Structures are given as C-alpha cells and as structure tokens.
Amino acid sequence: MRKRKGRALTIVLGIAAILVIVLMSVAVVLAPPITLGYGNTTKTTNTTEWLPLWNDSSKKANWSHTKPTVPFEWNTSSESHNLIPVIIMLNTDAFVTGSAAGNTSFDAAKQEVATILEADEPHAMAWGTGIRGKIKRDLRIIDAISADVPLSLMNELNNSKAVKAIYPDRKVHALLANSVPLIHGSDVWQLQDAGGNNVTGKGVLVAVLDTGVNYMHPDLGGGFGPGYKVVGGYDFVNNDTDPMDDNGHGTNVAGIVAADGNLKGVAPGANLLAYKVLDKTGSGYASEVIEGIEEAIADGADIMSMSFGFPGPFGYIPLDLAINHAVTNGIIIVAAAGNEGPGFGTINSPASHERVIAVGDTLDESILEVQTLTSSQLPENKVLESLPMKFSPHKSVTGELAYAGLGYPENFSSVNTTFTGKVALIKRGILTFEVKVKNAFNAGATGAIIFNKESWNFLGTLINKSEIPAVSISGEEGEYLLNLLNSSNEPVFANLTIKESIWVGSSRGPAGSSTAKPDLVAPGCWINTTTMDGNYVGNRIIEGTSFSAPHVSGACALLLQLHPDWTPGMIKAALMNNARDIGYGVFEQGAGRVDVLKAAEPEFIANTPSIGFYITGSRSSNNKRIKVENLQNYSIPVNVSVVCEQGMYLNFTHININSTSFDNIKINVTPDNGFTLHPKENEQIDFTVTVPENYTAGYYCGKVLLESDNSSISIPFALTLKKPPSPWIFAGASSTTSSAMGYAEAEPRYSIESGECVKIK
C-alpha cells in the first residue's frame, strides 16, 4: 500500500444560511451515474451539447475545447472567505513533461494551481482576511486534484491554462438472508470450475468501497491482511491503513458479498478489499471515492461494489472518468440504483453510468384475502395485512381455512377435520415456525397463516425453503379469523399469494437521456447479514438498494471463478440476458431479478445487454447492433422476436399499446426469421426503429427475445421519443438551481449545473 500523509484539519464550511442552502443543493444523496453519450457540456446561446466521456474504440476521454459554464448564481464578494470543496481537472496537455515546475505534466499543472491558491502543501489555513485555499488530494487516475477554494478565486482558476474544469467535490451517502437461495447462489456452489473446485468465488477479489468493514467478525475472517478474508484496504476518510468500520453499513455489504461462517454470503469463497470512503455518518466526498477506485485498481481488484451515491441521472464527470478507467482495466463495477423511488427518472449516480451494473431492490410481498360464502350474517370479504415468512415459496393458493392450534402433529389429526387442500391457521408459540409449517404440509395443507400472541404483527423465518407458502398476521387479525370460523356454519376461504415485488423506494429509470436502467434487480429487504458488533441483522427490518448491489457483486464473483476469461461486458451480459422477469417494466426491473444459476452456463449471450435510443424528429435510420455469441461447441438455431411491453408519455402516464407494436412506431430486427449460431462464433442482429412524422412523444419499452430449443435470453430496450425543441428554448433551463441571494451585475457570477462550478461567461 502507498504511504499517505495525515489528513488535514477539517475546514469549517460556511456560516451564512444561503451557503448552507447552496451546498445542500449540490450534495449527493444515496447512490449511483453515467451513460455513453453524455458528460461534459459545451453551451452556445440556445443549446446544450453533451459530449461523450468515452467511446468503444479509443477508450479515451473526449473533452470540450470550451470550458463549461453553469447557473447557480452567487455574489462572490460577500462570501469570498468561505471555502468550497472542489475537484479541479488539470489541463496536463498544456505542460511539457520534465519542466522546471515539476517532473511530470501533472506536477507542473498542479504547481500552477498551487501558485494561485498560495498553498503548496496541504495544511490548515488561518481563518480570516486573505485566506486563499488549499490542495488536499492528488487524483492522478483522472488528472485532477481536490481542493478547498474560496469563490473569489474561481474566476482566476477557471482562466488558468492549468485548469480544464472545476467541479464541486460532491458528497456521497450510503444507501440502504434468505436471499442467497432466491437468486440461486447456493445452487451455483454445487458447480465446479475447470480445476474441480466448487464455485464459491474462490480466487476472486472484491473491493467494497463503503464505511469500512469489521474484518474481526468471525464470518468475515477474524483478521486483516494476507491470509485473511479481508486481504487489504485503506481508510481514505482518516488517511490511515486501518479500514475498520465505524458505521456498520460496509460490514452489512461485505457480509452479503462473501460472509463465510454461520452466515454464508453469495460468494463465500471470495476475498475482500475494504476501502473506507464514507465516514461514521455514512457520508463522504467524491474525491475519496476516486482515490478508493485508484487504489482498488492498483491492488488488483476484480470487482468493485458500491452501495452509495447521489441523485443525478447524468452522472458526475470526475467520478465517471474514474469508473471508465476501472472498467477499461477489466474491473466489474456494481452500484446501488438508489432509494429515490417510486418516481421514474430517479436512478442515482454512479449507477446511471452505462458501463456500471445498476441494481434495484426487490422484496417478498404477500396478499391475504379472506372470503366467505354469501350470507347476511357474515361480514364482507376482507384483505388482511400480512408479512411473508422468510423462505416461503412464491405461490398462490386458495383453500378453506382450518384452525390447527399451536401446530403440533396432533392438531392436524382430529377426526372431525381434514387439512388436505386447506389453509392452516396456526397460533404462534412453543414450536418453531419451520416445524409448524412442516406439520401443516405433512397433513396436506396448501398454505399456512401464523398469528401472533400479541396484537401486532411480526417478521418470521422458516430457516429453510418451505414447500407451502406461509405468512404472519397480527394477534388482532388472528382473533378475527378465529371468531369468523366459530361464528359461521359455512366455510371460510383464504386466498394466499406470495410474490416477488419491486420495493417502493427502489429508484426507477430512465437514466440520462436514453439509458435503460436499472440493469438488474436483486433482494434488498429484510436481509440477514453481518453487523459491525460481530453479530447478525436477524429479523430486523432493513431495506434498500445498498443490500441489492452486493448480491450482484457476489454473483459476479461466482461467474468469474467459473469463467476467468470472461470480460466485464460478458459477465454483465450473462446476468442480464438470463435474469428472471418478475412482471415489471424495463425502468422498474431492468432485465429482471438476477438468477446466477441460469447465468452460470448459458448456451449463448447477447453482448449488447440492453438498448437505449434517444430520438427527436422522424427518421428511419435509428439503428443499433446486437452481438450474439455462441459459447458452445455445437451449432444453435436461434429464433428472434420483439415484444412491445410498455408505452408511457413523457410524464410517465401510460399509453395504451398492444403486444406487437407501438402503433405507427416501427421496430424491426434483421434477420427477422432467425439464424444459426455456429460453434464459438458470433452473429449480428440489427435493431431498427422507424419513427413517422406524427409520432407521440414518450417512452416505449420492451424486449428482444432470442430462443433456441434449449434456452432463451432477452434484451430489454427503451426508446425515448421527444419533439425537436424550439430554437429559442434553452434545453437546460428547467434544471437550473439558483440561490436566493441577490448580486451586483458588475460582479462575477458562479453556477453549479450537472456538477460543474465555473464562472458564467
């Protein structure tokens, strides 16, 4: 590990109320960022052009020749003594390596900035008149530095030949297990790799960028360094070599990825790198995250798991560049989609980045409806509040309700009552829930309802997978059902459904202008995992996409052990192609809920795992290509079809469509009659959208199905259709946030938009 200098003293950030408001407006909240085709901006009078940060051919950043400008207005004279944390992108091209100012062009550019700030070394600055600022961190991975800068120097910095752009150093926040069998992780453990080892993630290194990890937890190795599960890491918050967790969030995440003890994570054989980039409150700066990414690359990480972020579907250029660098170095990055749902367009950054695997959140949901035969003496049908028992199967059953006391075997053997085909009503107490439900199943019951001894409800677990669905209800609801059974001479029926749903708080797509996000969903509610105090979450109700993302990180580790030659793109494609459709739209579930067993040994993959179009104006040449790769040594005939699933206006209200077309918007695939994949070879599918002049603006979503005799995969697509803007309307005006403070027109004004902090020209 590299030795680092001690962290400088914390800078007091402002005393004026308006400063607090402005800083809050640019703070990053709860999770992920970027898609191909947007990033840095160049503004003319009436338009905003989003420049690509990278492209598939060169893998290089493309920068605007004109420095971006921004609207968050500020009177610089009255607040010039306040320091603003920023990331300064250095224009290293303007300096020659080996110049007198430094040994490298980076050093020379940094020295130029240091001269302006009058802070050659990171040290605490005296508060008061004449304060200039300080450089804090080198972010060499993106040719940048982080610094604390007074607003009065923004103009001088922005005009310096050493500076490409200035961004606020945004704050990121942490996003908040029966789940391993649900995604079939434990089934993959039974497979073997080429060396005959069971597939548990052995040999794979997962970097957890979070609040640190309690590496002393027995399920996380009980130690730190070579020879332990947590083989290395660093604390970028306190600038020391001990990444011990002081919040708990990182230990939760690490346990889901790779716990190996009383609790098993998705990839129990994987090793971990722990990078503390969030403090004890769960917050941190983007500059610390970027340093964590750089260190993870240097330390040989295979996967980075990020359960943090901030709102912003267009991403944040400094972080986006670091992510691009990691992916081009062969590292898989998994990020939480965010907890800003259920509204659409709420994907967080960095999950909105096209090359990141963005993960939304699912939970088990139960619906319990009680029905009675028609009778004036009986109440109307009623839906009761219920909670699914952990490890209950996703099933729907209907049966007559029958009371089974505490659920002992003898409670099911009364000569007056048979439980075959019925739903058992059982009282909580003495026996475990698992035993009660097993006894009900052995007696022929098709479902079980367990009611509490107290008036409230509870969350219970069956320990292992059950054969029949089971739910819990409150003691009050249980007494209601007992009274209903005792007061009626007619049967009482229960309709019981347990299904997998999208958690209401899970962020929805689209991301940016056209990206179909999230990519996947995974369990994130009521997850049992490791805790900072050395114990387990147990039955406490905790939820969020923070818990979903590490499920996919662990799934990636399993696939990498099984297929060490697969690229990050192939891993992402295999998981998305083979996800389980749980009945939601593309912007809610992405490709679907992750199924790592199906993804483990696919016949073929489409290494274009999703398709996004942004279209303004009628054109007939909107085309993208899907690359289909045969992973087998035999030929595979493949049929191709398109399913149009969902249409929404730009305000996300639904457009009525049928299952085969979007009215006059035409979608074609070529070849449309299928093709044959030859052994270990590729085929191309052209996906073409034709838009007429009278199209309806909105979002149009569906999927392309590729089916062989033995398997099928799907590729979700999302089309964003907008009318061409009027030339006098500024496209970004509606997203501008301004402070309430007045300003003198003769003085410079500064703005923040899309993460940039520079002078308005």
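This structure is a prediction, so every number in the text was calculated from the model and none was measured.
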Will you find, in the side chains of T346 and E340, an N or O donor that is under 3.5 Å from an N or O acceptor? no
By ring pair (Phe, Tyr, Trp, His ring centres under 6.0 Å), F344 pairs with (sequence neighbours left out) F652
To the nearest 0.5 Å, what is the distance between NZ on K390 and CG on N528? 5.5 Å
Do I571 and I303 come close enough that some side-chain heavy atom pair is under 4.5 Å? no
Using side-chain heavy atoms (C-beta onward) and a distance below 4.5 Å, is L558 in contact with V199? yes
Taking atom CG of N214 and atom CG of N247, what is their separation to the nearest 0.5 Å? 12.5 Å
Answer with yes or no whether the side chains of N339 and T545 bring together a donor and an acceptor at under 3.5 Å. yes
Do S472 and N452 come within less than 4.5 Å of each other through their side chains, counting heavy atoms only? no
Just how far is it from atom OG1 of T281 to atom NE2 of H249, taken to the nearest 0.5 Å? 12.0 Å
D169 side-chain N/O to A286 backbone N/O, donor-acceptor pair under 3.5 Å: yes
Is the side chain of Q589 donor-acceptor paired with the backbone N or O of D581 at a distance under 3.5 Å, no angle test? no
So does I582 get a backbone contact from the side chain of E500, meaning a donor-acceptor N/O pair under 3.5 Å? no
Validation row: I502, R508 side chains within 4.5 angstrom (heavy atoms): yes
Keeping K395 on the side-chain end and I468 on the backbone end, is there a donor-acceptor pair under 3.5 Å? no
Quickly, which of T529, D219, T530, T531 forms a side-chain hydrogen bond (donor to acceptor under 3.5 Å, both in side chains) with Y536? Name it, please. D219
Check against side chain to side chain contact (heavy atoms under 4.5 Å, CB included), I332 and K572: CA-CA 8 Å; I332 300 164; K572 181 177 181 180; over 6 Å; no
Looking at side-chain heavy atoms only, is the closest gap between C556 and V334 below 4.5 Å? yes
Out of curiosity, I713 CD1 to L706 CG, how far, rounded to the nearest 0.5 Å? 4.5 Å
What's the shortest heavy-atom distance between G282 and T211, and which atoms? CA-CG2, 4.1 Å
When you measure from the side chain of D260 to the backbone N and O of G269, does any donor-acceptor pair fall under 3.5 Å? no
Sidechain-backbone polar pair: T251 side chain, M532 backbone, donor-acceptor under 3.5 Å: no
Stepwise side chain to side chain contact (heavy atoms under 4.5 Å, CB included) test for M570 and H563: CA-CA 10 Å; M570 293 175 71; H563 304 286; over 6 Å; no
Indicate the ring-plane relationship of Y316 and Y167, choosing parallel, tilted or perpendicular according to the 30° and 60° boundaries. perpendicular
List for me each residue that meets side chain to side chain contact (heavy atoms under 4.5 Å, CB included) alongside E369, sequence neighbours excluded, and say none if there are none. Q371, V383, N495
Please evaluate residues S307 and F547 with respect to the criterion side chain to side chain contact (heavy atoms under 4.5 Å, CB included), reporting the C-alpha separation (whole Å), side-chain torsions for both, the decisive distance (0.1 Å), and the verdict. CA-CA 8 Å; S307 289; F547 287 177; over 6 Å; no
Side chains of H217 and D245 in contact at under 4.5 Å (non-hydrogen atoms): no
Quick one: does E477's side chain have a donor or acceptor within less than 3.5 Å of a partner on S474's backbone? no
Rounded to the nearest 0.5 Å, the CG atom of L363 sits from the NZ atom of K499 at a distance of 10.0 Å
Return the minimal non-hydrogen interatomic distance between A557 and V204, and the atom names on each side. O-CG2, 3.5 Å
Less than 4.5 Å apart, any side-chain heavy atom of V586 and any of Y699? no
Minimum-distance pair of heavy atoms, taken over all atoms of I527 and V537: O-CG1, 3.5 Å
Using 30° and 60° as the class limits, which term best fits the ring planes of F662 and F717: parallel, tilted or perpendicular? perpendicular
Which atom names give the shortest non-hydrogen contact between L319 and I290, and what distance separates them? N-CD1, 4.0 Å
Passes side chain to side chain contact (heavy atoms under 4.5 Å, CB included), L462 versus S392? Steps please. CA-CA 7 Å; L462 303 177; S392 288; 3.7 Å; yes
Under the 3.5 angstrom rule, does the side chain of D210 hit a backbone N or O of G212 as a donor-acceptor pair? no
How many angstroms lie between atom CD1 of I323 and atom CD1 of I293, to the nearest 0.5 angstrom? 5.0 Å
For L209 and V277, work out which heavy atoms get closest and say how close. C-CG2, 3.9 Å
Is there a donor-acceptor contact under 3.5 Å from the side chain of S366 to the main chain of S386? yes
A358 backbone acceptor or donor facing D519 side chain under 3.5 Å: yes
Closest approach of A549 and M306, non-hydrogen atoms and distance? CB-O, 4.4 Å
Are the side chains of L520 and M576 in contact, using a 4.5 Å heavy-atom criterion? yes
